[in-house]
Enquirer: 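Provided herewith is a single structure, encoded as structure tokens, for subsequent inquiry.
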Amino acid sequence: MEKVQGEMEIERWERSEEISDAEKKVIQETWSRVYANCEDVGVSILIRFFVNFPSAKQYFSQFKHMEDPLEMERSLQLRKHARRVMTAINTVVENLNDSEKVSSVLALVGKAHALKHKVEPIYFKKLTGVMLEVIAEEYANDFTPEAHSAWTKMKTLIYTHVTAAYKESHRDPQT
Ligand code: HEM
């Protein structure tokens, strides 16, 4: 059967950026500490994301006009999205050995954001970048150079799968 563009991109990614077993273990170990503080870390990531990239707030009806990070922190819509982001990443991390599960979780996220929420895909690159920054700062002791390079591959994995779903949904990412 003919492959669609998204599938070809994932295959290319699998060849060039494969996460080794040792790297999967490092990701799972750092993440277990991060996820123990799921709520706080998730909210910190999202607040920094919206402060650094204010245009990303446009998609959220309840805080698109908020400027004050303390006010954002109290927004239920922000807290709910933080929880959803963290839960989805947790499913990916828990299933790093099951590439079909990883693809299906991230394809669902990609499709919903492409078609329902109509989010420009470039924001996924920015959000995963901020995620890495916050984790590296807050868990500096765990964030060895090995962890950093493993998480950089994880960031690429998320972005590649999500943008592949955008392509399948016929919304081309503007990278
Ligand atoms: C790794 C990154 C992300 C993950 C895992 C994620 C996950 C989710 C999930 C699971 C939902 C709810 C289910 C659904 O409606 O399909 C959701 C809703 C939503 N997401 Fe994301 N998301 C991510 C990034 C983003 C980004 C970058 C934006 C915009 C800048 C965004 C905007 C939204 C909006 C507007 C909603 C609906 C919110 C609501 O109804 O209150 N998401 N997200």
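The first residue of the sequence shown is numbered 1, and numbering continues consecutively from there. Order of appearance sets the numbers: ligands from 1, and atoms from 1 within every ligand.
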Enquirer: Would you mind running through ligand 1 and noting each atom that sits below 4.0 Å from a heavy atom of Ala56?
Expert: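 Once the distances to Ala56 are compared, the set is 30 (C).
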Enquirer: Parallel, tilted or perpendicular, judged at 30° and 60°: which one describes the rings of Trp31 and Trp151?
Expert: tilted
Enquirer: Polar-atom distance check: Gln77 versus ligand 1, any N or O pair below 3.5 Å?
Expert: yes
Enquirer: Find all atoms of ligand 1 within a distance of less than 4.0 Å from any non-hydrogen atom belonging to Tyr123, and give their numbers and elements.
Expert: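 Under 4.0 Å from Tyr123, ligand 1 has these atoms: 27 (C), 30 (C).
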Enquirer: Partners of Glu137 by salt bridge (Lys or Arg N to Asp or Glu O under 4.0 Å), sequence neighbours excluded?
Expert: Arg48
Enquirer: List the closest protein heavy-atom neighbour of atom 35 (C) of ligand 1: residue, atom name, distance to the nearest 0.1 Å.
Expert: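 It is Tyr59 O, 3.3 Å.
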Enquirer: Applying a heavy-atom cut-off of 4.0 Å, say which part of Lys116 lies close to ligand 1: side chain, backbone, both or neither.
Expert: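 Contact part for Lys116 vs ligand 1: side chain (C-beta onward).
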Enquirer: Using atom types as modelled and distance alone, determine if a side-chain donor or acceptor of Lys118 lies under 3.5 Å from a backbone N or O of Leu115.
Expert: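 Yes, Lys118 side chain to Leu115 backbone: donor-acceptor pair under 3.5 Å.
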Enquirer: Show the atom names and distances, to 0.1 Å, of all donor-acceptor pairs under 3.5 Å that link a side chain in residues 71-78 to residues at least two apart or in another chain.
Expert:
residue : atom : partner : partner atom : Å
Ser75   : OG   : Gln77   : N            : 3.3
Ser75   : OG   : Leu78   : N            : 3.1
Gln77   : OE1  : Gln62   : N            : 2.9

Enquirer: Which protein heavy atom lies closest to atom 24 (C) of ligand 1, and at what distance to 0.1 Å?
Expert: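 Answer, as residue, atom name and distance: Phe124 CE2, 3.5 Å.
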Enquirer: For atom 32 (C) of ligand 1, what is the nearest protein heavy atom, given as residue, atom name and distance?
Expert: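 Protein heavy atom at minimum distance: Phe60 CZ, 3.2 Å.
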Enquirer: Main chain of Ser169, side chain of Lys111: is a donor-acceptor contact present, judged purely on distance under 3.5 Å?
Expert: no
Enquirer: Compute the ring centroids of Tyr123 and His113, then answer whether they are less than 6.0 Å apart.
Expert: no
Enquirer: Look at atom 5 (C) of ligand 1 and say which protein heavy atom is nearest, naming residue and atom and giving the distance to 0.1 Å.
Expert: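 It is Ala88 CB, 3.6 Å.
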Enquirer: Taking side chain to side chain donor-acceptor pair (under 3.5 Å) as the test, write out the residues that go with Arg84, two or more places apart.
Expert: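 With sequence neighbours excluded, Arg84 shows a side chain to side chain donor-acceptor pair (under 3.5 Å) to no residue whatsoever.
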Enquirer: Can you list the protein N, O or S atoms less than 2.8 Å from atom 21 (Fe) of ligand 1?
Expert: His81 NE2, His113 NE2
Enquirer: Which heavy atom in Val51 sits nearest to a heavy atom in Pro69, and how many Å separate them?
Expert: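 The pair with the smallest heavy-atom distance is CG2-CG, 4.1 Å.
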Enquirer: Is there a donor-acceptor contact under 3.5 Å from the side chain of Gln58 to the main chain of Ser55?
Expert: yes
Enquirer: Could you tell me whether the side chain of Thr144 and the main chain of Ala147 form a donor-acceptor pair under 3.5 Å?
Expert: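 A pair under 3.5 Å: yes.
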